[in-house]
Amino acid sequence: MDKLDSVKNLDACIKCSACTSQCPVATVQPLFSGPKSVGPDAERFRLEGIDIDPQCLSYCSNCKTCEVTCPSGVKITAIILRAREKASLAGQKSGTTRLQVRDLVLGRAEYLGRLGTIWPGLTNGLLKVSVVRVLMEQTLGISRRAPLPPYQAKFKGIRNNKLVPNHRLSKAVVFFPGCFINYNDSLTGQAVIKVLEHNGYDVIIPNFHCCGVPLQANGKFNEARGNAKKNLALMNPYLQSGVPVITGCTSCGLALKEEYPNLEVSGSELIGRQAYDLFEFLWLLHEEGGLKQDFQEIPVSLGYHAPCHLKAQGIGTPVVRLLRLIPGVRVLDLDTGCCGLSGSYGYKQEKYDIARQIGEPLFRRVQEGVRIGEFQSMATECGGCQVQIEHGSGIATKHPVWVFMQAYGLSLESF
């Protein structure tokens, strides 16, 4: 966002403070004055060369609730992120050297995943040792109490990583797995492929890099743009042929739709309108009469949590509508706010308690729902939300694609 765009965006702010009243961080952390104050209000001063404490900017969790709430469509989170980048370029530090190293590590989710999946059993065992967690907290500032997700064997989808003949491209999709599926939940990635194939699609999986959201959230903006350009180069041949790009992660999906179109490289002009959340794509397929509905009856009741980055996409909750097509499935959209984790935000020692306080209303609602029999377990598309909800409530939480696997009578035995 250049200076002229910033001014135009600021002029749309009507000072209603709706963003601050709905901000999950400002609700629990008095040191954070809210998105309006550190975003549009402070940007007026920043445009005149007057800087504010970068530490205040770091409290923003990038959940985008402010942008969802804003009646004028001001890109408040984008303003805050740009301010953080400018502060970094100006040499302003938002923490100690230890915390800067921590942000460097957490931003590289792709590299951490590659290391963690070399020997997942050993990695997971070490992460459960209390001494190791204490050392991680003392040396890197990664909270010993944070719910670090376990690693699985790296997602490959080898049999789908194939060239599709031109005459089949009309029934092909590109699947962008994201780091959580790639390294922490490869079985869900395989389930996504199975469901798409069951509906007649060839699934193409280029060797993608991290979408860039973890890098951006931890202050590595150039690196985030570098990853985005590499990913667009891999997608571009398919985008030019009109092939949709499907994501199973809501944060990756938001990046593809909002961040990637801002890049001046081939394919950026197409990705915004050819990227789809998995269930957004399946719902559109249903509306066109193309979704297979050979569902088996499943007697299950689910609570559903809509991730913040799904809400920011403005597509509603297509998975809830789809689940209600399956005989026997009961689903309740809890609509109880942010889980608090916000990617790597809740892993940080100084942010862990903030994240837990943000998520507490959701955790209590989940526990109460199970206790009184409203639902049996939880479902949500975001891997981070899954981890945080289980951590805070103790209730099992999975990606909704598993319900469709069961309803379609599919298995992973062929992988």
Side-chain angles (χ1 to χ4, degrees), residues 61-64 77-78 81 85 103-114 116-117 149 154-157 173-186 188-189 192 203-236 238-239 243-268 270-281 307-313 315 341-345 347 381-387 399:
S61 67
N62 194 26
C63 71
K64 293 189 179 284
T77 307
L81 286 172
E85 181 174 13
D103 291 352
L104 184 69
V105 171
L106 289 179
R108 282 154 174 78
E110 184 175 8
Y111 297 162
L112 289 177
R114 290 178 184 176
T117 53
K154 187 180 184 301
F155 172 70
K156 294 179 181 177
V173 295
V174 171
F175 178 41
F176 190 98
C179 289
F180 192 84
I181 281 178
N182 267 338
Y183 306 111
N184 304 107
D185 196 9
S186 58
T188 290
V192 170
V203 183
I204 306 163
I205 312 172
N207 190 23
F208 287 122
H209 300 274
C210 171
C211 69
V213 169
L215 285 162
Q216 186 185 66
N218 287 281
K220 307 302 174 185
F221 297 95
N222 279 333
E223 292 88 341
R225 283 189 286 268
N227 273 22
K229 290 176 180 178
K230 291 175 185 176
N231 289 331
L232 274 173
L234 292 169
M235 296 177 201
N236 189 45
Y238 303 105
L239 292 173
V243 178
V245 178
I246 310 298
T247 66
C249 169
T250 53
S251 294
C252 293
L254 185 63
L256 296 184
K257 292 178 179 181
E258 286 202 353
E259 302 292 336
Y260 283 35
N262 295 326
L263 300 171
E264 295 183 359
V265 296
S266 184
S268 62
L270 298 172
I271 184 62
R273 58 179 180 269
Q274 286 180 224
Y276 298 90
D277 170 79
L278 170 66
F279 298 109
E280 175 189 16
F281 180 77
C308 294
H309 284 179
L310 178 73
K311 295 177 182 178
Q313 293 180 42
I315 60 174
L341 190 66
S342 294
S344 59
Y345 187 89
Y347 297 151
E381 299 95 318
C382 174
C385 293
Q386 293 166 30
V387 170
H399 196 289

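All heavy atoms count here, side chains included; hydrogens, waters and symmetry mates do not.
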Exercise. Would you please name every residue forming a side-chain contact (heavy atoms from CB on, under 4.5 Å) with Ala217, sequence neighbours left out?
Key: none

Self-check item: pair Val174-Pro206: side-chain heavy atoms closer than 4.5 Å
Solution: yes

Practice problem: Could you name each residue pair satisfying side chain to side chain donor-acceptor pair (under 3.5 Å) that touches residues 224-233, not counting sequence neighbours? | Solution: Glu85-Arg225, Asn222-Arg225, Asn231-Tyr260

Quiz item: Taking Ser268 for the side chain and Glu264 for the main chain, is one N or O donor matched with an acceptor at less than 3.5 Å?
Solution: no

Self-check item: Derivation and outcome, side chain to side chain contact (heavy atoms under 4.5 Å, CB included), residues Ser61 and Tyr345
Solution: CA-CA 6 Å; Ser61 67; Tyr345 187 89; 3.7 Å; yes

Quiz item: Val173: what forms a side-chain contact (heavy atoms from CB on, under 4.5 Å) with it, not counting sequence neighbours?
Solution: Leu196, Tyr201, Val203, Pro244, Ile246, Phe281

Quiz item: With sequence neighbours left out, what residues match Glu110 under salt bridge (Lys or Arg N to Asp or Glu O under 4.0 Å)?
Solution: Arg114

Exercise. Heavy atoms only: give me the nearest Thr247-Gly253 pair and the separation to one decimal.
Key: OG1-CA, 3.6 Å

Quiz prompt | Partner residues of Asn182 under the side-chain contact (heavy atoms from CB on, under 4.5 Å) criterion, sequence neighbours left out | solution = Lys154, Phe155, Pro177

Self-check item: Which residues share a ring-ring contact (aromatic ring centres under 6.0 Å, His included) with His309, sequence neighbours left out
Solution: none

Quiz item: Under the side-chain hydrogen bond (donor to acceptor under 3.5 Å, both in side chains) test, which residues partner Gln386, sequence neighbours left out?
Solution: none

Practice problem: With sequence neighbours excluded, tell me which residues meet side-chain hydrogen bond (donor to acceptor under 3.5 Å, both in side chains) with Ser344. | Solution: Asn218

Practice problem: Check side-chain contact (heavy atoms from CB on, under 4.5 Å) between Leu270 and all other residues, then give those that pass, not counting sequence neighbours. | Solution: Leu239, Gln240, Arg273, Gln274

Self-check item: Atom of Leu263, atom of Ala228 and distance for their closest heavy-atom approach
Solution: CD1-CB, 3.3 Å

Exercise. Kindly write out the residues that satisfy salt bridge (Lys or Arg N to Asp or Glu O under 4.0 Å) with Glu259, not counting sequence neighbours, or none if the list is empty.
Key: none

Quiz item: For Val213 and Ser251, which heavy atoms make the closest approach, and how far apart are they?
Solution: CG2-O, 3.9 Å

Self-check item: salt bridge (charged side-chain N to carboxylate O under 4.0 Å, His left out) contacts in which one or both residues fall within residues 210-223, not counting sequence neighbours
Solution: Arg108-Glu223

Quiz prompt | Any residue meeting ring-ring contact (aromatic ring centres under 6.0 Å, His included) with Phe176, in chain and number order, not counting sequence neighbours | solution = Phe208

Quiz prompt | Validation row: Leu341, Cys385 side chains within 4.5 angstrom (heavy atoms) | solution = no

Practice problem: Side-chain contact test, heavy atoms from C-beta onward, threshold under 4.5 Å: evaluate it for Leu278 versus Glu381 and give yes or no. | Solution: no

Exercise. Might you point out which heavy atoms bring Gly189 and Phe175 nearest each other, and give the distance in Å?
Key: O-CE2, 4.0 Å

Quiz item: Do His399 side-chain atoms and Gly248 backbone N/O form a donor-acceptor pair below 3.5 Å?
Solution: yes

